[in-house]
Amino acid sequence: MEIDINGLKWKICEDNQLTIKSISDNPNSDNYYFGLCDYTELIIHIDCAQKNEVKAQTLRHELTHAFIFSHGFGDIENFGVETVCNFVASYGKQINDIVEDFMKK
C-alpha cells in the first residue's frame with residue numbers, strides 16, 4: 001500500500017521478522033520487531049505474523065513516526081503535552097483512516 005504524507009510517498013509492507021531485523025539498526029539483536037519505520041527508503045514494515053489487533057496498533061505507532069518525520073518535527077524528545085495533543089488532533093484521524101484501509105485488505 002502506498003500513501004502520501006505531506007508530499008512524501010510512503011509504502012507500507014508486511015514482512016517477516018528476518019526481513020525487518022535485517023534492515024534495523026541492530027540486525028543481530030535478539031529484539032522482536034513488531035514494525036519498523038525506514039526513513040531512508042520511506043517504507044513502514046509491519047510484522048506479518050502479528051494478530052490483526054496488534055498489527056493495527058503497530059501500524060498506528062509506525063505511522064506516527066512517519067507523520068512526525070514527514071512534517072519536520074525533528075526534536076520529538078522535547079514534545080510537550082500541548083504539542084502532542086495538537087499533533088493527535090491534527091493527524092490522528094488521518095492515521096486511523098490509513099490503518100482502517102490497510103486492515104481491509
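- Under a hydrophobic clustering in which Ile, Leu, Val, Met, Phe, Trp and Tyr are joined whenever their side-chain heavy atoms come within less than 4.5 Å, directly or via other members, F102 and W10 fall into the same cluster.
- Atom-to-atom distance recorded for T40:OG1 and I23:CD1 is 9.5 Å, nearest 0.5 angstrom.
- Residues I98 and M1 come closest through the heavy atom pair O-CE, 4.0 Å.
- In this structure, D4 and Q94 approach most closely via the heavy-atom pair O-NE2, 4.2 Å.
- Note on I20: it does not cluster hydrophobically with V54, by side-chain heavy-atom contacts below 4.5 Å among ILVMFWY residues.
- Side chain of E62 to backbone of I46: no donor-acceptor contact under 3.5 angstrom is found.
- Shortest non-hydrogen contact noted between S70 and N6 is O-ND2, 2.9 Å.
- Distance alone, capped at 3.5 Å, places no donor-acceptor pair between the K21 side chain and the Y33 backbone.
- Looking only at distances, no side-chain donor or acceptor of D38 sits under 3.5 Å from a matching main-chain atom of I43.
- Across all their heavy atoms, E14 and C48 have their closest contact at OE1-CA, 3.7 Å.
- Closest approach of Q17 and N31 over heavy atoms only: OE1-O, 4.0 Å.
- H71 and F87 have their aromatic ring centers separated by at least 6.0 angstrom.
- Between the K9 side chain and the L42 main chain, no donor and acceptor come within less than 3.5 Å of each other.
- Here CG of D101 is found 11.0 Å from CG of N96. Values are rounded to the nearest 0.5 Å.
- Between the side chains of N86 and T83, not a single donor N or O lies within less than 3.5 Å of an accepting N or O.
- N28 CG to N26 CG: the interatomic distance, rounded to the nearest 0.5 Å, is 6.5 Å.
- The two residues Q50 and F34 make their nearest non-hydrogen contact at NE2-O, 2.7 Å.
- The closest side-chain heavy-atom distance from L36 to D15 is not below 4.5 Å.
- Ring geometry for Y91 versus F67: interplanar angle of 30 to 60°, hence tilted.
- Atoms CG and CD1, from L63 and I44 in turn, are 4.0 Å apart once rounded to the nearest 0.5 Å.
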